[in-house]
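I have placed the structure first, in the form of structure tokens, so that the comments after it can refer back to it.
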Amino acid sequence: MTTETLQQDDLASLAKLRVKDFLQHFQMVKQGAESKIYKGNFLGKPTIVKERFPKAYRHSALDKKLSHRRTAQEVRSILRCRKAGIATPVVYFVDYNASCIYLEDLVGALTVRDYIASVQKSKQDTGTLFPLAERIGQILAKMHDEDVIHGDLTTSNMMIRQPEKELRLVLIDFGLSFISALPEDKGVDLYVLEKAFLSSHPNTESVFKVFLNSYSNTSKKSAPVIKKLDVVRQRGRKRSMVG
Ligand SMILES: Nc1ncnc2c1ncn2[C@@H]1O[C@H](COP(=O)(O)OP(=O)(O)O)[C@@H](O)[C@H]1O
Ligand SMILES: [Mg+2]
């Protein structure tokens, strides 16, 4: 069969086969519900490959569309953040056919989730976490001022580089992100983080307060966002009372 007679779908399958060959040199290090994470070398650089694999439970055309959209959103928001000076991994290469993003491997970094867990495990004072909360507030305020809504704010989607020195925070996992200037979308983003934060890390209400204060002091548009956060919280409370 010549290339001319190949259909678009065949080309995509061929590309996937080639990617599979290529990824053989990479090591799978994580598998989530939506994606697989591989580590390896790409053009001589330590690289993470995030592959959105096909989901059998989804109709294949819909699955392809969703994977493509999330890959595109992830790349778009990473670039938008980087332009605004918000640290995110460098995008080395995007393979839309195979829904793979090749990203800078943040070697030696750990997730904020693991960092907080280790601080809590070693029974350090909760106040130890305030500088980190302050920094997260500044960065998310900057991100929202750029109208980037992350869509999946959790402490697993933030990484710390060299935690022993200055706090260098890097945001990751923008697959559910979108662009919006609406205070409601930003408020929901913060609400998702609040829920994730307090359920992942017990007794951190004071840490989250430091975060919110820092967010409010940094963002030029925080007042209506915090108002919306309160509305969403109330809605959440009512729902949990009914449920
Ligand atoms: N650029 C990166 N450098 C180092 N580790 C990463 C990088 N990107 C992701 N990871 C690791 O892989 C995990 C999953 O990646 P993520 O982008 O959050 O995908 P998922 O959608 O599966 O949550 C992260 O929590 C982090 O531990
Ligand atoms: Mg994630």
Side-chain angles (χ1 to χ4, degrees), residues 19 23 25-58 63-83 85-96 98-119 132 136 139-140 143 148-165 167-178 188-201:
V19 167
L23 285 181
H25 303 287
F26 279 65
Q27 205 187 353
M28 194 175 87
V29 288
K30 268 186 189 129
Q31 167 153 18
E34 295 278 327
S35 60
K36 290 179 185 161
I37 303 285
Y38 301 84
K39 257 180 204 269
N41 240 281
F42 180 67
L43 304 178
K45 290 194 170 83
T47 300
I48 288 276
V49 175
K50 180 167 177 176
E51 180 197 24
R52 291 198 159 76
F53 54 84
K55 258 63 79 206
Y57 57 84
R58 248 187 235 142
D63 188 56
K64 263 183 211 149
K65 231 184 190 169
L66 274 179
S67 293
H68 190 278
R69 188 187 303 158
R70 289 184 181 161
T71 302
Q73 273 316 114
E74 180 141 31
V75 173
R76 222 172 271 151
S77 294
I78 287 178
L79 295 185
R80 193 168 171 129
C81 281
R82 287 186 66 79
K83 255 191 206 155
I86 299 160
T88 56
V90 180
V91 178
Y92 292 146
F93 181 64
V94 189
D95 183 338
Y96 282 108
S99 297
C100 283
I101 308 178
Y102 292 60
L103 294 162
E104 168 192 14
D105 184 358
L106 305 162
V107 179
L110 73 170
T111 63
V112 167
R113 186 191 176 103
D114 289 345
Y115 175 73
I116 295 179
S118 76
V119 167
L132 170 66
I136 298 174
I139 288 175
L140 295 189
M143 182 186 82
V148 175
I149 312 299
H150 185 283
D152 190 16
L153 283 177
T154 65
T155 50
S156 302
N157 290 335
M158 303 170 190
M159 301 196 75
I160 303 179
R161 285 187 133 165
Q162 300 159 324
E164 66 280 1
K165 290 183 196 155
L167 278 173
R168 287 170 65 201
L169 211 68
V170 185
L171 299 180
I172 62 165
D173 202 359
F174 284 86
L176 296 177
S177 67
F178 57 101
V188 170
D189 223 18
L190 295 183
Y191 183 68
V192 167
L193 178 63
E194 182 173 53
K195 283 274 177 199
F197 200 100
L198 299 180
S199 67
S200 309
H201 312 291

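Read the numbers this way: they start at 1 and go in the same order the structure lists the ligands and their atoms.
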Inset, instruction - State whether the side chain of Asp95 and the backbone N or O of Ser99 hold a donor-acceptor pair below 3.5 Å, judged by distance alone. - result: no
Legend entry - Counterpart residues, ring pair (Phe, Tyr, Trp, His ring centres under 6.0 Å), relative to Tyr191 (two or more places apart): none
Legend entry - Contact summary for Lys50 and Ser35, nearest pair of heavy atoms: CE-OG, 3.7 Å
Legend entry - Protein residues having a heavy atom less than 4.0 Å from any atom of ligand 1: Lys30, Ser35, Ile37, Ile48, Lys50, Pro89, Glu104, Asp105, Leu106, Thr111, Ser156, Asn157, Met159, Ile172, Asp173
Inset, instruction - Spell out, as yes or no, whether a donor-acceptor pair under 3.5 Å connects the side chain of Asn157 to the backbone of Ile172. - result: no
Legend entry - Nearby protein N/O/S atoms (those under 2.8 Å) for the Mg ion (ligand 2), with water ignored: Asn157 OD1, Asp173 OD2
Inset, instruction - Mark yes or no: Lys55 above the aromatic ring of Phe53, with NZ or CZ under 6.0 Å from the six-membered ring centre and no more than 45 degrees from the axis. - result: yes
Inset, instruction - With sequence neighbours left out, write down each residue that passes ring pair (Phe, Tyr, Trp, His ring centres under 6.0 Å) with Phe93, or none if nothing qualifies. - result: Phe42, Tyr102
Inset, instruction - Taking Ser156 for its side chain and Thr154 for its backbone only, find out whether a donor-acceptor pair lies under 3.5 Å. - result: no
Legend entry - N/O donor-acceptor pair under 3.5 Å between Glu74 side chain and Phe174 backbone: yes
Legend entry - CD on Glu51 to CD on Gln31, rounded to 0.5 Å: 9.0 Å
